[in-house]
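Everything below concerns the one structure shown next.
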2 protein chains.
Amino acid sequence: MNSVSIHNAHPANDVTATLAEHNISPTSQRLQIANVLLNEPMHLSADQLLEKLRHAGEKVSKATVYNTLKLFVERGLIRQINLDPERTVYDSRRATHHHFHEVDTGTLWDIDPDDVAFSRLPQLPDGMEIAGVEVIIRVARKVQ
Amino acid sequence: MNSVSIHNAHPANDVTATLAEHNISPTSQRLQIANVLLNEPMHLSADQLLEKLRHAGEKVSKATVYNTLKLFVERGLIRQINLDPERTVYDSRRATHHHFHEVDTGTLWDIDPDDVAFSRLPQLPDGMEIAGVEVIIRVARKVQ
DNA sequence: CTCCCTGCAAATGCTTTGCAACTAA
DNA sequence: TTAGTTGCAAAGCATTTGCAGGGAG
């Protein structure tokens with residue numbers, strides 16, 4: 001598959017290949033970040049990601065985390081979600097999907113795209129085409 | 001400024017009443033801001049709003065605009081929409097409705113709630129109830 | 001050697017806050 | 001008088017950028 005000899009606990013080959021598919025050269029930091037994000041679908045802020053990496057003993061700077069996330073978003077590797085101004089979150093599930101958003105805590109859950117279907121959608125503005133449809137279901141803890 | 005009762009071209013009484021309904025005392029600045037936002041449904045950032053007010057010859061400070069918008073949101077008078085971190089937008093249509101979002105320019109259009117209907121929605125997480133459903137249709141200019 | 005990447009620190013830009021002056025009742 | 005508001009300037013914070021040092025080939 002590849003001639004690079006990276007041997008860590010994670011299926012790094014997949015990640016390296018994924019980076020390559022998106023024209024991203026696989027530096028050590030990028031692999032670390034991609035491993036965290038891509039191994040399981042998750043929503044993380046830049047700071048949460050940094051903390052997770054540091055916790056795992058990785059050596060990454062804040063600037064590199066930001067720059068790398070920005071690069072990944074530009075290259076379509078991850079999605080950027082903006083719930084509120086102090087909370088930019090990155091979503092490693094590339095396929096379009098939807099979200100539950102718990103209003104009080106800001107927690108996000110994924111909604112499988114198959115669990116949402118429309119029986120009616122509006123006409124598009126002239127000369128425009130759909131780039132994506134996103135549904136956010138805001139939920140709150142039920143008061144008894 | 002002036003102790004004169006308010007007599008402008010707009011239906012200020014409605015606005016005053018609306019503020020009252022939301023437990024907001026009708027100061028001069030709040031009336032100015034509410035007039036801009038409530039007279040017609042619109043999406044504005046804090047800065048756009050400030051510029052609009054200044055253009056209209058109103059005397060409002062930036063801090064007051066921010067504080068007032070925050071107050072209005074807390075009191076449920078307007079909604080806050082977060083497109084991306086440097087672009088918090090305020091929406092004066094209180095009823096739930098949906099949006100077209102032009103990706104390139106960040107422009108928003110309203111979608112009438114009647115123009116969207118679901119034939120399937122996911123099961124809610126345990127103990128949660130729906131606080132609102134929001135659909136964002138991202139659109140891009142068609143390339144010929 | 002050369003190119004690209006990293007990381008520190010400084011810069012940026014939106015938003016909030018401290019606080020003194022002010023206003024309406 | 002008194003409670004609530006305003007506005008300036010300063011502070012806060014997430015994110016970006018400048019630039020020197022570093023690593024891979």
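Residue numbers begin at 1 in each chain, while the letters A, B, ... track the order of the sequences.
A/Leu44 places its CG atom 16 Å from the C1' atom of D/dA14, with the value rounded to the nearest Å. Between the NZ atom of B/Lys62 and the P atom of C/dT16 there is a distance of 12 Å, rounded to whole Å. Between the CG atom of B/Leu69 and the P atom of D/dT5 there is a distance of 16 Å, rounded to whole Å. Distance, B/Ile24 CD1 to D/dG4 C1': 14 Å, rounded to whole Å. In this entry the distance linking CD of B/Gln32 with C1' of D/dG7 reads 13 Å, nearest Å. Residue B/Glu74 contributes atom CD, which lies 15 Å from atom P of C/dT15 at whole-angstrom precision. Taking atom CD of B/Glu58 as the reference point, atom P of D/dT6 lies 13 Å away to the nearest angstrom. We find that CG of B/Leu31 is positioned 19 Å from P of D/dG4, with the value rounded to whole Å.
Taking side-chain N and O atoms only, B/Thr88 has a distance below 4.0 Å to OP1 or OP2 of C/dT15. Phosphate proximity of C/dT6 to A/Thr64: absent, as no side-chain N or O sits under 4.0 Å from OP1 or OP2. Close to C/dT23, at under 4.0 Å from its OP1 or OP2, lies no side-chain N or O of B/Thr27.
A/His97 and A/Asp91 share a side-chain donor-acceptor pair at under 3.5 Å. For B/Arg30 and B/Thr64, the side-chain atoms include no donor-acceptor pair closer than 3.5 Å. Between A/His98 and A/Asp112, the side chains place no donor N or O within less than 3.5 Å of an acceptor N or O (distance only, hydrogens not considered).
Counting heavy atoms from C-beta on, the side chains of B/Arg79 and B/Val73 never come closer than 4.5 Å. Side-chain contact between A/Val135 and B/Val133 is present, with at least one heavy-atom pair separated by less than 4.5 Å.
Each of C/dC5, D/dT15, C/dG7 was ranked by its minimum atom distance to the side chain of A/Ser25; first place goes to C/dC5.
Nearer to the 5' terminus of DNA chain D, by closest-nucleotide assignment, is the contact made by B/Arg30 (compared with the other of A/Tyr90 and B/Arg30).
Within a 6.0 Å sphere centred on CD of B/Glu129, heavy atoms belonging to other residues, nucleotides or ligands number more than 12.
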What is the per-nucleotide protein-contact pattern of nucleotides 17-25 of chain D, from the 5' end, where B denotes a base atom under 4.0 Å from a protein heavy atom, S denotes such proximity for sugar-phosphate atoms only, and - denotes neither? B--------
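Looking at B/Arg120 and A/Asp114, no side-chain N of the basic residue comes within less than 4.0 Å of a carboxylate O on the acidic one, giving no salt bridge.
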